[in-house]
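Working notes, beginning with the structure itself.
Start at 1 with the first residue, then count along the sequence.
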Amino acid sequence: MCRTKRGLARAALHRYLGRMNDISPIPVPVKPERARKPDWIRVKAPTSPAYHETRKLMRDKGLNTVCEEAACPNIGECWTKKHATVMILGDVCTRACAFCNVKTGMPRKVDVNEPQNLADACAQMGLEHIVITSVDRDDLPDGGASQFVKVIEALRRTTPATTIEILTPDFRNKHERAVEMIVAARPDVYNHNLETVPRLYPTIRPGARYYASLRLLESVKRLDPSIFTKSGIMLGLGEERLEVHQVMDDMRSADIDFLTMGQYLQPTPKHAKVIEFVTPAAFTAYAGIARAKGFLQVASSPLTRSSYHAGKDFAEMKAAREAKLARAAAKA
């Protein structure tokens, strides 16, 4: 009897285990993997006292920076040198580009004190060259162009020796009037990034149009040829080499003076993936081709960003133009 009970219990256990084997295991969520960064793209976390001083100044003046919002890898180096790219018109963008870490939504009201606060911060930092960018503000009638004008005017009043570089959005469907307003305020450099090759616009920059951005930059030169124009693209999004060469040709057709090229880095798992980490040697090769095509200045490296070393690059670009004009005069 005892053996029979043991046999029945053993059989029941086998049936239970059999049923358990038929049950599919509960899937464990797996975080999407992000491509591991190669050694040449890694940077140290910022720790210097000057970095924290710059950060405090930005907070005290109520200013936003693209350095923070876009998670720029060069923030430690730039802020230690008291260089910062100020982002006007708030920290909320009306677009949702697949590469950008700036938050998307309905922006707040434009801060009327922002232009003077920015100019005061520039004076306090003793900047010789400043870069001002903004979020997209499709909600505003002029796309935010008038705020760029007010910032330029405040800088000219407060720190007239500082050279001014602006990095604007595309002012979708209103760029002609917006560009006229800003060019009349006479920044030293007008930057607008194409970001990537035309084929990738539908997935990477869906709210923009490649040729509209080219026309914007072309119109700056038409209105005032003395203003330097600048544009940049990210590499590593799946673009082909010949597509990059074509973008260079398109830029030169629009008479763009300065080209920047840098490695795209995926800000979060929700953003576009890195397809390739382009080697430093490949960036150097692209730079050689760009210079051969006639750009006055080229910045091309994995860590290059629109405003990285902007002051030094501006001085070199200005010297390159002067040398070019001197050669032309000598031949005349």
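- A heavy-atom distance below 4.5 Å is found between the side chains of Pro198 and Val247.
- Considering only residues two or more places apart in sequence or on other chains, Lys174 meets the side chain to side chain donor-acceptor pair (under 3.5 Å) condition with none of them.
- Following chains of ILVMFWY side-chain contacts shorter than 4.5 Å, one cannot reach Phe295 starting from Leu167, and the two form parts of different hydrophobic clusters.
- With sequence neighbours excluded, the residues satisfying side chain to side chain donor-acceptor pair (under 3.5 Å) with Thr158 are Gln116.
- Listed for the Arg321 side chain is a donor-acceptor partner under 3.5 Å among the backbone atoms of Ser226.
- Residues Leu265 and Phe277 are in side-chain contact: their nearest non-hydrogen atoms beyond the backbone lie under 4.5 Å apart.
- Residues Ser306 and Glu165 share a closest heavy-atom pair of O-OE2, 4.0 Å.
- Connectivity analysis of hydrophobic side chains (ILVMFWY, heavy atoms under 4.5 Å, direct or indirect) links Val112 to nothing; its cluster partners are none.
- For Glu114 (side chain) and Leu89 (main-chain N/O), a donor-acceptor pair under 3.5 Å exists by modelled atom type.
- Atom CD of Glu180 sits in a crowded spot, with more than 12 heavy atoms from other residues, nucleotides or ligands closer than 6.0 Å.
- To the nearest 0.5 angstrom, Cys100 atom SG is 6.5 Å from His271 atom NE2.
- Hydrophobic clustering of Ile, Leu, Val, Met, Phe, Trp and Tyr side chains at less than 4.5 Å, counting indirect connections, keeps Val110 apart from Val92.
- Between the CG atom in Leu200 and the CD atom in Glu195 there is a gap of 12.0 Å [rounded to 0.5 Å].
- Asp257 places a side-chain N or O within 3.5 Å of a backbone atom of Thr229 that can act as its donor or acceptor partner.
- One distance of note links OG of Ser231 with CG of Leu214; it measures 7.5 Å at 0.5 Å rounding.
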request  = Go through the steps to decide whether Arg199 and Glu240 satisfy the test side-chain contact (heavy atoms from CB on, under 4.5 Å), and finish with yes or no.
outcome  = CA-CA 10 Å; Arg199 176 176 57 86; Glu240 300 291 337; 4.2 Å; yes
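- The two atoms that bring Leu237 and Lys273 nearest to each other are CD2-O, 4.2 Å, heavy atoms only.
- Taking all atoms of both residues into account, the shortest heavy-atom contact from Gly144 to Asp142 is N-OD1, 2.9 Å.
- Among residue pairs with one or both ends in residues 285-296, those qualifying as side-chain hydrogen bond (donor to acceptor under 3.5 Å, both in side chains) are Asp249-Lys293; sequence neighbours excluded.
- At least one donor-acceptor pair closer than 3.5 Å links the side chain of Arg156 to the backbone N or O of Arg186.
- Leu118 contributes atom CG, which lies 12.0 Å from atom CE of Met87 (distance to the nearest 0.5 angstrom).
- With rounding to the nearest 0.5 angstrom, the CG atom of Asp136 is 9.0 Å from the OG1 atom of Thr168.
- At least one donor-acceptor pair closer than 3.5 Å links the side chain of Gln263 to the backbone N or O of Val278.
- When side chains are defined from C-beta on, Met261 counts as touching Met248, because their heavy atoms get closer than 4.5 Å.
- The two residues Val102 and Asp91 come nearest to each other via the heavy atoms CG1-O, 3.6 Å.
- Side-chain contact between Ile132 and Ile88 is present, with at least one heavy-atom pair separated by less than 4.5 Å.
- Under a 3.5 Å cut-off, the side chain of Thr163 and the backbone N or O of Glu128 do form a donor-acceptor pair.
- Between Ala310 and Val131, the shortest heavy-atom contact is CB-CG2, 3.7 Å.
- The local environment of CD in Glu316 is crowded, with over 12 non-hydrogen atoms from other residues, nucleotides or ligands closer than 6.0 Å.
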request  = Give the C-alpha distance, both sets of side-chain angles, the deciding distance and a yes or no for side chain to side chain donor-acceptor pair (under 3.5 Å) between Asp120 and Gln124.
outcome  = CA-CA 6 Å; Asp120 291 342; Gln124 192 169 334; over 6 Å; no
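- With Ser300 contributing its side chain and Phe283 its backbone, the two residues share a donor-acceptor pair below 3.5 Å.
- Within the structure, every pair that satisfies the ring pair (Phe, Tyr, Trp, His ring centres under 6.0 Å) test and touches residues 187-213, not counting sequence neighbours, is listed here: Tyr201-Tyr210.
- Within the 4.5 Å cutoff, side-chain heavy atoms of Pro107 are placed close to those of Asp139.
- Note: Ile182 CD1 to Asp224 CG = 13.0 Å, rounded to the nearest 0.5 Å.
- Chaining together hydrophobic side chains whose heavy atoms lie under 4.5 Å apart places Phe228 alongside Val189, Phe258, Leu296, Phe314, Met317.
- In plain terms, the two heavy atoms of Pro206 and Pro202 that are nearest each other are CB-O, 3.4 Å.
- Looking at Val179 and Leu216, their side chains come closer than 4.5 Å, going by heavy atoms from C-beta outward.
- Residues Glu243 and Gln246 fail the side-chain proximity criterion, which asks for heavy atoms closer than 4.5 Å.
- Within 6.0 Å of NZ on Lys312 lie more than 12 heavy atoms contributed by other residues, nucleotides or ligands.
- Both Leu235 and Leu194 are members of a single hydrophobic cluster when ILVMFWY side chains are connected at heavy-atom separations under 4.5 Å.
- Side-chain atoms of Thr284 come within 3.5 Å of backbone N or O of Pro280 as a donor-acceptor pair.
- Checking Thr94 against Asp138 by side-chain atom types alone, a donor-acceptor pair falls below 3.5 Å.
- The backbone N or O of Ile256 sits less than 3.5 Å from a side-chain atom of Arg252, completing a donor-acceptor pair.
- Within the 4.5 Å cutoff, side-chain heavy atoms of Ser219 are placed close to those of His175.
- Between Asp170 and Arg172 there is no salt bridge, since no side-chain N of the basic residue sits under 4.0 Å from a carboxylate O of the acidic one.
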